Amino acid sequence: MDRAAPFIPSFTEQNWQPLDQARNAVFQLDDDGRVLDVNDTACQWLGYSREELLRMTVYDIDPLISHENWQIRREKLRKHRSLSARSQHRRKDGTMYPIELTTTYVEAGDRSYSITVVQDVTQRRAIEEQLRKVVEQFSEAQRVAHVGSWEWDLQIQKAQWSDENYRLFGYEPGQIKPSPQFVISRVHPEDQSRFQEHFEQFAQGHTPFDIEYRLLQPDGSSRYIHSRGQAVRDRAGKVVRLIGAAMDMTARRMAEIEVEAMARRLSDAQRIAHVGSWEWTPDDDTIVWSQEVFRIFGYQPREGRMTREQALSMVHINNMDQLVQSIVAARDEGKSFSLDHMVTRPSGEVCYCHGRGQPVFDASGKVCLVFGTVQDVTDRVRVQHQLEAAMHRLNEAQHVASIGTWEWDLLQHTAFWTDEMYRMYGRDPNDPITIDKAMASVHPDDQQRAQDVVNEAIKRPESFEIEHRVLLPDGSVRYCLGRGQVVHDETGKAVRVFGTSQDVTERKLAELALRRSEEHYRRAAETNRRLLAEVNHRVRNNLSGLLSLLRITREEADDVEQFATLMEQRITAMSKAHNLLADAHWQSLDLLALIRSAAGGYGSDDDGRTIFNGPPTRISPRQVVPLSLALHELFINAAKYGCHSEPAGRLNITWRHDHRKLVLKWCETAGPRIELPIKPSLGTELIRGFIGFELGGTLELNYPPDGANHVLSIPLERESGELMIS
């Protein structure tokens, strides 16, 4: 072997001959990283000749080594004499391959060098990478499937878990130290005794390990786990290792629990609603009933399948053919069905059922199953029969009484009439009625009034009544009396109107004839009566009022001049009231106008000292004069002795009515200080007489220190003398 004058005497041709045959590459390098010698394997791996390599340095071969880190490595090599490392070598063609190298430091006299043995680990790295991928895939498969693997070495008492097994227990891989005792401690207390006994039998090799249990998580929740394992024995048959796998069954178990709960709920719902379900399999001609079907048919519930003949034998004979035809049509033609049928129970009782069926098709389009429901509708059918009988009796009664019943659905815009309504309106019962058709049957002159009455009733939750004419198709007219009621929903929206209509034609025609014959005489008599009554009433009231005024004024006046003055004022007040009545044509009078008239020059609601406030209120003609005189006296008292006798005094008159009586409050403030007790004046007595005797009301007089606070309460009357509501 031709060498290039090696400077190390100990490495000769004879020294390198065995290295040339070595399976690994060998390099002799000086302290500066220059190649002193190589073996044949190194030349083959790198693709260089020996002469080329002897002109190269370690930096040319190993791209991961620089001059700086070579110097560091050399110092470490001198210190430790031997180093191992991983790196890469670059071939002559530029490709790279992974290596593992071991370098030994050698000193010979005053010279030093290093011998590096290099191993090509390309194949091993590929195997390791493949193994890593297999492990990752296995770990990922365990993670996706929620399956963890475990192993327990009984000889060294050491457990080994896969990453997913840690996760099943709620921990990160390596977070806890696994052991059988730890596993048992995490089993749910209700499953712990069973688990421990089963594991002990398994560890002794008596039974295989196959158990489902609940596993407590660190947060207190539970998982359902299914573990299986097997024992590994040595040649002597002794159990030395336990291996197995644990699968997370939580999702499946929760689904099973939910399915069981749904089945219970379905069974309960069927029992409560008296609705059962069934399935018929055409291939073997068998039927499965739910428990409720058995109960509906009067049998004790039982499990299992029965033949179609057995099931149909329980159906009433009158419906047998119809039901068989429906089931066969579902199988042969793929038709669903819905029908009512009777069932004869073992007790002999007949019940009514409503059955439904629906075909199910396989991938080829063939009916593979027919499923359906059975509902006990006995109560509904009985009620329907009773309703039909009641409707028959109602129609007969309505025909005799000429009274029809009707209903409008305002949401669906539909109408319903009984038979008598069709007869009364002269319409064909086979022509379904609508709201528009019903309104069109009303006489044109009455249509708007009838529509207004209904619209007004819709706005308010109250009943209504209207008499109107009906125009029959032959042109004749019939009189009807309609009564109705509007139904509102919880939001206040009108949703339905129902009522009755009575034929009152005969009565109406008789009333019209009688009214025409009496009208002339009634008008004359009424005119005379009203004139006489009004004259008598006015004269009597005026005379009575004048007598009272004369008596009171005479007692009140100190001399004739004062008497004349007081009488003039009171007669003037009475005259103003009569003038108001004359202007109102002796009809009811507005209270505010009456108050302003009675105030005269003693008070006005635009002087800033007097306030009038109350709702619009009408006073009957009979009450105008007494109330006006009473108010006149109050205004005089306020001017002489009360609030209007002081510059700062104020008068506030307010009133209200509650549909039957008027309550008027007279409030004086900032007037002269009042010394109690108050001695009633003759004017006060006059006020009491007008309020109590003439008007039939009450008067409350109250005197706070700086004013007066009076309350007048009188009944409201209509012009006819009845209670008047404003």
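Owing to the predicted nature of the structure, the values given are computational and were not obtained by experimental measurement. Numbers for residues simply follow the sequence, beginning at 1. As a basis for the values below, the full set of heavy atoms in this structure was taken, side chains included, without hydrogen atoms, waters or symmetry mates.
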S.K.: Enumerate the salt bridge (Lys or Arg N to Asp or Glu O under 4.0 Å) contacts for residues 429-439, please, sequence neighbours excluded, ordered by first and then second residue.
M.R.: Arg427-Asp431, Asp431-Lys437
S.K.: Are Lys576 and Ser628 packed together at the side-chain level, in the sense that at least one heavy-atom pair is separated by less than 4.5 angstrom?
M.R.: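 No, their side chains stay 4.5 Å or more apart.
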S.K.: I'd like to know if the side chain of Asp446 and the backbone of Arg449 have a donor-acceptor N/O pair within less than 3.5 Å.
M.R.: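 Absent.
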S.K.: Any idea which heavy atoms bring Ser501 and Tyr425 closest together, and the distance?
M.R.: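 Shortest heavy-atom contact: OG-OH, 4.0 Å.
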S.K.: Looking at side-chain heavy atoms only, is the closest gap between Phe612 and Trp655 below 4.5 Å?
M.R.: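 Yes, at least one pair of side-chain atoms sits under 4.5 Å.
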S.K.: Which residues satisfy the salt bridge (charged side-chain N to carboxylate O under 4.0 Å, His left out) test with Arg656, sequence neighbours excluded?
M.R.: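 By the salt bridge (charged side-chain N to carboxylate O under 4.0 Å, His left out) rule, Arg656 matches no residue at all.
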S.K.: Does the Gln623 side chain pair with the main chain of Pro715, one donor and one acceptor, at a distance under 3.5 Å?
M.R.: yes
S.K.: Measure from the side-chain N and O atoms of Asn613 to the backbone N and O of Thr654, and report whether any donor-acceptor pair falls under 3.5 Å.
M.R.: no
S.K.: Identify every side-chain donor-acceptor pair in residues 450-457 under 3.5 Å, counting partners at least two apart or on other chains, and give the distances.
M.R.:
{"residue": "Gln451", "atom": "NE2", "partner": "Asn455", "partner atom": "OD1", "Å": "3.0"}
{"residue": "Asp452", "atom": "OD1", "partner": "Gln448", "partner atom": "NE2", "Å": "2.8"}
{"residue": "Asn455", "atom": "ND2", "partner": "Gln451", "partner atom": "O", "Å": "3.2"}
{"residue": "Glu456", "atom": "OE2", "partner": "Arg460", "partner atom": "NE", "Å": "3.2"}
{"residue": "Glu456", "atom": "OE2", "partner": "Arg460", "partner atom": "NH2", "Å": "3.0"}

S.K.: Ring centroids only, cut at 6.0 angstrom: are Phe297 and Trp289 within range, meaning strictly under it?
M.R.: yes
S.K.: Run the side chain to side chain donor-acceptor pair (under 3.5 Å) test against Glu465 and tell me which residues pass, sequence neighbours left out.
M.R.: Arg483
S.K.: Closer than 3.5 angstrom, by distance alone: can the side chain of Thr378 be matched with the main-chain N or O of Tyr352 as a donor-acceptor pair?
M.R.: yes
S.K.: Mind listing the closest non-hydrogen atom pair of Cys353 and Ile296 along with its distance?
M.R.: SG-CG2, 3.7 Å
S.K.: Rounded at 0.5 Å granularity, tell me how far CG in Leu631 sits from CD1 in Ile653.
M.R.: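 Answer rounded to 0.5 Å: 7.0 Å.
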S.K.: Can you give me the closest heavy-atom contact between Leu471 and Pro444, atom names plus distance?
M.R.: CD2-CD, 4.1 Å
S.K.: For Asp376 and Val275, run side-chain contact (heavy atoms from CB on, under 4.5 Å): C-alpha distance rounded to whole Å, both residues' side-chain angles, the deciding distance at 0.1 Å, then the answer.
M.R.: CA-CA 6 Å; Asp376 185 351; Val275 177; over 6 Å; no
S.K.: Do Met424 and Val470 have side chains that approach each other closer than 4.5 Å (heavy atoms only, starting at C-beta)?
M.R.: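 Counting from C-beta outward, Met424 and Val470 never come under 4.5 Å.
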S.K.: What verdict does the side-chain contact (heavy atoms from CB on, under 4.5 Å) test give for Ile687 and Leu699, after you've listed the backbone C-alpha separation in whole Å, the side-chain angles of each residue and the deciding distance to 0.1 Å?
M.R.: CA-CA 9 Å; Ile687 296 171; Leu699 174 65; 3.7 Å; yes
S.K.: Using the side chain to side chain contact (heavy atoms under 4.5 Å, CB included) criterion, which residues pair with Asn579? Sequence neighbours excluded.
M.R.: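 Checked Asn579 against side chain to side chain contact (heavy atoms under 4.5 Å, CB included); matches are Ser575.
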S.K.: Under the 3.5 angstrom rule, does the side chain of His488 hit a backbone N or O of Ile458 as a donor-acceptor pair?
M.R.: yes
S.K.: Tell me, please, which residues at least two apart from Arg356 pass salt bridge (charged side-chain N to carboxylate O under 4.0 Å, His left out).
M.R.: none
S.K.: Report yes or no: does Ser597 contribute a side-chain atom to a donor-acceptor pair with the main-chain N or O of Ala593 at less than 3.5 Å?
M.R.: no
S.K.: According to side-chain hydrogen bond (donor to acceptor under 3.5 Å, both in side chains), does anything in residues 406-417 pair up with another residue at least two apart or in another chain? List the pairs.
M.R.: Glu407-Arg496
S.K.: Check step by step if side-chain contact (heavy atoms from CB on, under 4.5 Å) holds for Gln502 and Thr500.
M.R.: CA-CA 7 Å; Gln502 183 177 8; Thr500 61; over 6 Å; no
S.K.: Judged by atom type as modelled, is there a donor-acceptor pair below 3.5 Å linking the side chain of Ser277 to the main-chain atoms of Ser290?
M.R.: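 Not at all, since once roles are kept as given, no pair shorter than 3.5 Å links the two residues.
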S.K.: For residues Trp666 and Asn652, is any side-chain donor paired with an opposing acceptor at under 3.5 Å?
M.R.: no
S.K.: First locate atom CD1 of Ile433, then atom OG1 of Thr418, and finally report the distance between them rounded to the nearest 0.5 Å.
M.R.: 11.5 Å
S.K.: To the nearest 0.5 angstrom, please state how far the CG atom of Leu369 sits from the CD atom of Gln358.
M.R.: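 Between Leu369 CG and Gln358 CD, I get 10.5 Å after rounding to 0.5 Å.
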S.K.: Do Leu712 and Leu634 make a side-chain contact, defined as non-hydrogen atoms from C-beta onward lying under 4.5 Å apart?
M.R.: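 The answer is yes; the side chains approach within 4.5 Å.
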S.K.: With a 4.5 Å heavy-atom cut-off, do Ser336 and Pro359 have their side chains touching?
M.R.: yes
S.K.: Listed by chain and number, what are the salt bridge (charged side-chain N to carboxylate O under 4.0 Å, His left out) partners of Arg380, not counting sequence neighbours?
M.R.: Asp340
S.K.: Excluding sequence neighbours, so at least two apart, what forms salt bridge (charged side-chain N to carboxylate O under 4.0 Å, His left out) with Arg650?
M.R.: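 Once residues adjacent in sequence are excluded, Arg650 has no partner under the salt bridge (charged side-chain N to carboxylate O under 4.0 Å, His left out) criterion.
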S.K.: Working to the nearest 0.5 Å, report the span between CZ of Arg478 and CG of Leu472.
M.R.: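 Spacing of CZ (Arg478) from CG (Leu472) equals 5.0 Å.
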S.K.: Mark yes or no for whether Thr505, through its side chain, and Tyr479, through its backbone, hold a donor-acceptor pair below 3.5 Å.
M.R.: yes
S.K.: If the condition is side chain to side chain donor-acceptor pair (under 3.5 Å), which residues does Asp362 pass it with, not counting sequence neighbours?
M.R.: Ser364
S.K.: If you measure from OG1 on Thr617 to CG on Leu591, what distance do you get to the nearest 0.5 Å?
M.R.: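 The CG atom of Leu591 is 5.5 Å from OG1 of Thr617, to the nearest 0.5 Å.
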S.K.: Hey, is NZ on Lys508 packed in by over 12 heavy atoms from elsewhere, all under 6.0 Å?
M.R.: yes
S.K.: How many angstroms lie between atom CD1 of Ile691 and atom CG of Leu627, to the nearest 0.5 angstrom?
M.R.: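 So the gap between those two atoms works out to 5.5 Å.
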S.K.: Are Val625 and His578 packed together at the side-chain level, in the sense that at least one heavy-atom pair is separated by less than 4.5 angstrom?
M.R.: yes
S.K.: Are the side chains of Leu410 and Val495 in contact, using a 4.5 Å heavy-atom criterion?
M.R.: no
S.K.: My understanding is that only residues two or more places apart in sequence, or in another chain, count here; which of them pass side chain to side chain donor-acceptor pair (under 3.5 Å) with Glu349?
M.R.: Arg345
S.K.: Heavy atoms only: give me the nearest Ala330-Val367 pair and the separation to one decimal.
M.R.: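 It is O-CG2, 3.6 Å.
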S.K.: Ignoring hydrogens and geometry, is there a side-chain-to-backbone donor-acceptor pair from Gln447 to Val442 under 3.5 Å?
M.R.: yes
S.K.: Quick one, Phe294 and Gln300 - any side-chain contact, counting heavy atoms below 4.5 Å?
M.R.: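 No, too far: nothing below the 4.5 Å cut-off.
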S.K.: Output, in order, the C-alpha distance, side-chain angles, deciding distance and verdict of side-chain contact (heavy atoms from CB on, under 4.5 Å) for Glu700 and Asn702.
M.R.: CA-CA 6 Å; Glu700 295 179 17; Asn702 301 293; 4.3 Å; yes
S.K.: Can you name the side chain to side chain donor-acceptor pair (under 3.5 Å) partners of Ser713, sequence neighbours left out?
M.R.: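 Partners of Ser713 under the side chain to side chain donor-acceptor pair (under 3.5 Å) test: none.
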